[in-house]
Amino acid sequence: MPDIDAKPLAALIAVIEHGSFSQAAKALKLSLAAVSMRVQALESQLGQRLLVRGKRISPTPAGQKLLAYARQVQLLQTEVLRDLQGPDAGTQDWTTLPVAINADSLSSWWLPGLASTLHQHRLLVDVQIDDQDHTHEALRQGQVVGCVTSHAQAITGCVAQHLGVMRYRCLAAAPRIAEWRGRDGAVSLHRMLASPAVIFNRKDRLQDVFLQTHFGLRDAAYPRHYLPAVDAFEAAIALGLGWGMVPEVMWQAHPALADTAEVFPGHPIDVPLIWLHWAKEAWAARQLSQAITHAAAKALRPPA
């Protein structure tokens with residue numbers, strides 16, 4: 001099989017990252033025709049389609065595999081240049097590492113735990129935010145070098161490192177909890193479910209897991225707020241707009257949640273988190289993986 005030229009690979013990566021040929025051309029400072037010809041040449045060389053052409057460009061399964069390979073090649077090239085430049089970090093270029101992570105981890109333990117490593121080794125992170133049940137798809141598609149996920153399912157060429165457990169608790173503002181109490185002083189689940197739930201986005205199913213795990217309810221009907229921003233999500237609960245599933249580490253650390261309380265004490269939901277990443281990592285990716293495992297060990301509950 002003939003060698004794959006770096007220029008068509010770079011064009012493929014740019015098209016996938018930007019979602020269009022025109023935006024890729026701007027990023028690469030090339031003409032639209034040049035980018036299109038490079039991708040077409042690569043597809044002709046490999047004898048298969050690498051992109052699904054539509055309103056937004058996406059990779060085919062073959063394109064996903066090639067994208068993962070291309071990212072590894074880029075990181076290995078950066079590693080070689082780093083070795084050739086010597087120990088003077090001031091002369092080294094920054095290295096970008098695309099990763100996928102759930103918003104709760106990003107907003108609590110992840111950045112504080114990685115800050116010193118990112119600064120010391122001149123690493124840049126390009127973060128995709130998704131629910132922990134879905135971040136592994138970005139790795140499967142070759143878009144990232146690793147992901148924080150709740151799925152330990154095997155992906156060819158990848159390894160899974162168990163990070164720990166993120167514990168979630170059902171929280172609400174104290175006045176709302178008082179409204180839900182019956183004459184016996186206990187919170188009525190029926191009254192709580194008559195009030196809205198505050199949910200991060202439509203992929204977030206923790207509230208349903210909570211209701212099924214602790215109360216045996218499946219497909220419970222209740223009104224819902226969807227607020228896909230951590231600060232707005234927290235503010236909505238603190239303002240009494242409803243109840244929601246909040247990570248224990250955020251409840252303890254975020255002032256916005258100071259006036260909230262657990263609706264049903266002793267009824268947590270534990271979500272195991274895993275760092276899923278390439279088995280063969282370039283130097284920069286290894287530094288990131290080590291920093292993530294160390295940060296998780298300090299912030300999360302131990303793996304079961």
Connected via hydrophobic side-chain network under 4.5 Å: [X] and [Y]:
X      : Y      : answer
Leu32  : Ile16  : yes
Val99  : Val159 : no
Leu257 : Leu241 : no
Leu193 : Phe215 : yes
Leu12  : Val52  : no

**OP:** Give a yes-or-no answer on whether the side chains of Ser289 and Glu281 include a donor-acceptor pair shorter than 3.5 Å.
**Re:** yes
Original post:
Is it true that the side chains of Thr260 and Trp251 contain a donor and an acceptor less than 3.5 Å apart?
Top reply: yes
Okay, side chain of [X], backbone of [Y]: is any donor-acceptor separation there less than 3.5 Å?
X      : Y      : result
Thr135 : Val148 : yes
His119 : Thr117 : no
Thr95  : Ala284 : no
His190 : Trp180 : no
Glu43  : Leu50  : yes
Ser150 : Gln132 : yes
Arg53  : Leu51  : yes

Grab the two heavy atoms, one from [X] and one from [Y], that are nearest each other, plus how far apart they are.
X      : Y      : answer
Val125 : Leu118 : CG1-CD2, 3.9 Å
Ala11  : Arg38  : CB-CB, 3.9 Å
Ala138 : Ala100 : CB-CB, 3.9 Å
Leu227 : Ala232 : CD1-O, 3.7 Å
Val35  : Ala24  : CG1-CB, 4.4 Å
Leu139 : Gly146 : CD1-N, 3.9 Å

**OP:** Decide if the gap between the ring center of Phe210 and the ring center of Tyr168 is smaller than 6.0 angstrom.
**Re:**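 Ring centres of Tyr168 and Phe210 not closer than 6.0 Å.
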Subject >> Chi angles and distances behind the side chain to side chain contact (heavy atoms under 4.5 Å, CB included) call for Leu171, Glu262 >> reply: CA-CA 5 Å; Leu171 302 186; Glu262 193 171 6; 4.2 Å; yes
Rounded at 0.5 Å granularity, tell me how far [atom1] in [X] sits from [atom2] in [Y].
X      : Y      : atom1 : atom2 : answer
Thr293 : Trp275 : OG1   : CH2   : 10.0 Å
Met192 : Ile177 : CE    : CD1   : 10.0 Å
Glu234 : Ser107 : CD    : OG    : 7.5 Å
Arg176 : Arg191 : CZ    : CZ    : 13.5 Å
Asp131 : Ile101 : CG    : CD1   : 12.5 Å
Gln207 : Leu217 : CD    : CG    : 12.5 Å

Would you call the rings of [X] and [Y] parallel, tilted or perpendicular if under 30° counts as parallel and over 60° as perpendicular?
X      : Y      : result
His121 : Trp283 : perpendicular
Phe233 : Phe200 : perpendicular
Trp243 : Tyr222 : tilted

Residue pair [X] / [Y], side-chain heavy-atom distance below 4.5 Å:
X      : Y      : value
Leu67  : Gln64  : no
Cys170 : Met245 : yes
Thr149 : Ile274 : yes
Gln287 : Gln120 : no

Original post:
Is it the case that more than 12 heavy atoms not belonging to Asp259 sit under 6.0 Å from its CG atom?
Top reply: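 No, not enclosed.
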**OP:** Taking atom CZ of Arg205 as the centre, report whether more than 12 heavy atoms of other residues, nucleotides or ligands fall under 6.0 Å from it.
**Re:** no
Original post:
side chain to side chain contact (heavy atoms under 4.5 Å, CB included) between Met250 and Val230: does it pass, once the steps are laid out?
Top reply: CA-CA 10 Å; Met250 290 169 59; Val230 171; 3.5 Å; yes
Original post:
Passes salt bridge (charged side-chain N to carboxylate O under 4.0 Å, His left out), Lys203 versus Asp133? Steps please.
Top reply: CA-CA 8 Å; Lys203 292 181 179 179; Asp133 291 339; over 6 Å; no
**OP:** Mind running side chain to side chain contact (heavy atoms under 4.5 Å, CB included) on Asp104 and Val271 for me, showing each step along the way?
**Re:** CA-CA 11 Å; Asp104 290 339; Val271 177; over 6 Å; no
Original post:
Can Ser105 and Met166 be said to form a side chain to side chain contact (heavy atoms under 4.5 Å, CB included), step by step?
Top reply: CA-CA 9 Å; Ser105 291; Met166 180 169 276; 3.7 Å; yes
